[in-house]
Asks: 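Please find one structure pasted underneath; my questions will follow.
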Amino acid sequence: MQHQGSFISAFPRPRCLAAAAPAGKAKLTHPGKAILAGGIAGGIEICITFPTEYVKTQLQLDEKANPPKYRGIGDCVKQTVQSHGVKGLYRGLSSLLYGSIPKSAVRFGVFEFLSNYAKDETGRLDSTRGLLCGLGAGVMEAVLVVCPMETVKVKFIHDQTSANPKYKGFFHGVREIIREKGLRGTYQGLTATVLKQGSNQAIRFFVMTSLKNWYKGDNPNKAVHPLVTGAFGAIAGAASVFGNTPLDVIKTRMQGLEAHKYKSTLDCAVKILRYEGLAAFYKGTVPRLGRVCLDVAIVFIIYEEVVKVLNAVWKTD
């Protein structure tokens with residue numbers, strides 16, 4: 001708590017969240033609205049983009065030593081549909097859906113909470129503070145939601161590749177994982193997940209803050225069209241993919257069914273480099289790029305639009 005206090009004390013204290021912003025001063029978003037809007041955005045987004053997440057995870061788990069089961073994105077989709085039907089591309093959706101809603105809720109809630117302290121007297125958030133607020137939001141969502149959610153999701157997807165899948169559904173899978181490995185079993189790859197999510201949101205919110213400040217210029221209350229928000233979100237998503245895909249690959253390996261082969265996050269990185277080469281750190285980049293750009297664009301569009309609706313029906317004056 002001391003660290004949190006010192007972090008927040010570095011920023012000026014926010015004006016009353018309920019106060020109407022005068023001309024030339026940006027309005028502050030109530031964290032409660034951010035939590036609700038973020039949860040709604042996260043749930044809708046994952047239902048749209050999950051098949052690309054499934055393919056990305058399969059390609060990252062497909063180690064060269066096996067040898068590779070899939071020749072590429074198209075082959076992965078083809079084999080999955082032939083073996084399990086179209087619904088096979090949605091295996092593990094339940095675990096991600098249950099987690100995506102609280103994940104986005106925590107992300108936007110924490111970001112708005114921190115940014116309300118970080119904004120200057122005009123209500124403007126500069127890029128550097130946007131990066132720090134994004135980092136804080138990413139670390140918090142990693143610890144509270146993402147690590148256990150991703151561990152279950154990766155095990156579900158990896159389980160499907162075995163001859164006799166043992167997980168019959170989300171709750172059955174969670175029970176089995178906890179029964180076999182305890183609660184710690186849902187926190188495999190925590191270090192890699194914190195690094196990934198922290199850098200992810202730091203990059204995304206830095207880019208979004210920079211682009212929005214550029215677009216609004218001297219008018220912090222200038223309306224941003226949803227398509228513009230989507231374009232900015234796609235750019236932010238692409239930047240995060242190129243910036244931290246190696247961490248995503250390490251995280252996926254640390255959460256798979258063969259995670260026992262790795263002693264630590266560092267050991268996993270060293271073994272991937274030694275046995276598979278540098279290119280292995282960018283496995284699944286193309287499907288991840290497509291999913292993340294769409295993901296971030298959709299989430300920011302829905303989030304911004306839901307906040308507008310909440311501002312109209314939920315008065316915080």
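Values reported hereafter were calculated over all heavy atoms of this structure, with side chains retained and with hydrogens, waters and symmetry mates removed.
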Asks: Under the rule for salt bridge (charged side-chain N to carboxylate O under 4.0 Å, His left out), what residues qualify as partners of Lys212, not counting sequence neighbours?
Replies: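 Lys212 satisfies salt bridge (charged side-chain N to carboxylate O under 4.0 Å, His left out) with Glu304 only.
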
Asks: Please answer whether the main-chain N or O of Trp314 pairs with a side-chain N or O of Lys33 as donor and acceptor at a distance below 3.5 Å.
Replies: yes

Asks: So, do Phe108 and Val307 sit near enough that their side-chain heavy atoms are less than 4.5 Å apart?
Replies: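 With C-beta onward as the side chain, the pair stays apart.
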
Asks: Run the salt bridge (charged side-chain N to carboxylate O under 4.0 Å, His left out) test against Asp75 and tell me which residues pass, sequence neighbours left out.
Replies: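 Asp75 satisfies salt bridge (charged side-chain N to carboxylate O under 4.0 Å, His left out) with Arg71 once adjacent residues are dropped.
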
Asks: With a sphere of 6.0 Å drawn around NZ of Lys308, does it hold more than 12 non-hydrogen atoms of other residues, nucleotides or ligands?
Replies: yes

Asks: Is the shortest side-chain heavy-atom distance between Tyr262 and Ile250 below 4.5 Å?
Replies: no

Asks: Which atoms form the tightest heavy-atom contact between Gly109 and Ile35, and what is the distance?
Replies: CA-CG1, 3.7 Å

Asks: Do the charged groups of Glu176 and Lys155 touch, with an N to O distance under 4.0 Å?
Replies: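 No, this pair does not count.
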
Asks: Roughly how far, to the nearest 0.5 Å, is CZ of Arg129 from CZ of Arg124?
Replies: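 One finds 11.0 Å between CZ of Arg124 and CZ of Arg129.
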
Asks: List in chain and number order the residues that pass side-chain hydrogen bond (donor to acceptor under 3.5 Å, both in side chains) with Lys181, two or more places apart in sequence or in another chain; answer none if no residue qualifies.
Replies: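 In terms of side-chain hydrogen bond (donor to acceptor under 3.5 Å, both in side chains), with neighbours along the sequence ignored, Lys181 is linked to no residue.
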
Asks: Quick check against the 3.5 Å criterion: does Lys119 have a side-chain atom that pairs as donor or acceptor with the backbone of Leu28?
Replies: no

Asks: Listed by chain and number, what are the side-chain hydrogen bond (donor to acceptor under 3.5 Å, both in side chains) partners of Thr186, not counting sequence neighbours?
Replies: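 Result, side-chain hydrogen bond (donor to acceptor under 3.5 Å, both in side chains) vs Thr186: none returned.
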
Asks: According to ring-ring contact (aromatic ring centres under 6.0 Å, His included), who are the partners of Phe281, at least two apart in sequence or on a separate chain?
Replies: none

Asks: Mind checking salt bridge (charged side-chain N to carboxylate O under 4.0 Å, His left out) for Arg107 and listing every partner two or more places apart, or none if nothing turns up?
Replies: Glu141

Asks: Taking atom types as modelled, is there a side-chain donor on Thr128 or Asp126 under 3.5 Å from an acceptor on the other?
Replies: no

Asks: Show which residues join Leu227 in its hydrophobic cluster (side-chain heavy-atom contacts under 4.5 Å, direct or indirect), or state none.
Replies: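 Its cluster mates, by chain and number: none.
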
Asks: For Phe111, enumerate each residue passing the ring-ring contact (aromatic ring centres under 6.0 Å, His included) test, keeping only those at least two apart in sequence or located in another chain.
Replies: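 With neighbours one apart ignored, the set is Phe205.
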
Asks: Determine the minimum heavy-atom distance between Gly134 and Gln201, stating which atoms define it.
Replies: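 Between these two residues, the closest heavy atoms are O-CB, 3.1 Å.
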
Asks: Do Ser210 and Trp214 come close enough that some side-chain heavy atom pair is under 4.5 Å?
Replies: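 No, every pair of side-chain atoms sits at 4.5 Å or beyond.
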
Asks: State, with a plain yes or no, whether a side-chain heavy atom of Val174 is found less than 4.5 Å away from one of Tyr98.
Replies: no

Asks: If you link I, L, V, M, F, W and Y whenever their side-chain heavy atoms are under 4.5 Å apart, who else ends up in the same group as Val194?
Replies: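 Same cluster as Val194: Leu135, Val139, Val143, Tyr187, Leu190.
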
Asks: Would the distance check show the side chain of Asn213 and the main-chain N or O of Leu125 forming a donor-acceptor pair, the cut-off being under 3.5 Å?
Replies: yes

Asks: Quick check: do Ile177 and Tyr167 have side-chain heavy atoms less than 4.5 Å from each other?
Replies: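 Of all side-chain heavy-atom pairs linking Tyr167 with Ile177, at least one is under 4.5 Å.
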
Asks: If only side-chain N and O atoms count, and only distance matters, is there a donor-acceptor pair under 3.5 Å linking Thr49 with Glu45?
Replies: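 Distance-only check passes for Glu45 and Thr49.
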
Asks: Kindly say whether Ile46 contributes a backbone atom to a donor-acceptor pair with the side chain of Asp295 at under 3.5 angstrom?
Replies: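 Pair absent, no side-chain N/O of Asp295 close to backbone of Ile46.
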
Asks: Kindly indicate whether the side chain of Pro31, heavy atoms from C-beta on, has any atom under 4.5 Å from the side chain of Asn116.
Replies: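 Pro31 vs Asn116: side chains touch.
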
Asks: Residues in side chain to side chain contact (heavy atoms under 4.5 Å, CB included) with Val228, at least two apart?
Replies: Tyr215, Val224, His225, Phe232

Asks: For Ser240, run the side-chain contact (heavy atoms from CB on, under 4.5 Å) check against Ile235, Leu289, Asn200 and tell me which one passes.
Replies: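 Option passing the side-chain contact (heavy atoms from CB on, under 4.5 Å) with Ser240: Asn200.
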
Asks: Check whether any side-chain heavy atom of Glu276 sits under 4.5 Å from a side-chain heavy atom of Lys283, and report yes or no.
Replies: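 Yes, their side chains come closer than 4.5 Å.
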
Asks: Thr191: what forms a side-chain hydrogen bond (donor to acceptor under 3.5 Å, both in side chains) with it, not counting sequence neighbours?
Replies: none

Asks: Under the side-chain hydrogen bond (donor to acceptor under 3.5 Å, both in side chains) test, which residues partner Thr265, sequence neighbours left out?
Replies: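 With neighbours one apart ignored, the set is empty.
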
Asks: Would you say Asn244's side chain and Lys196's backbone share a donor-acceptor pair under 3.5 angstrom?
Replies: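 Such a contact is found between Asn244 side chain and Lys196 backbone.
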
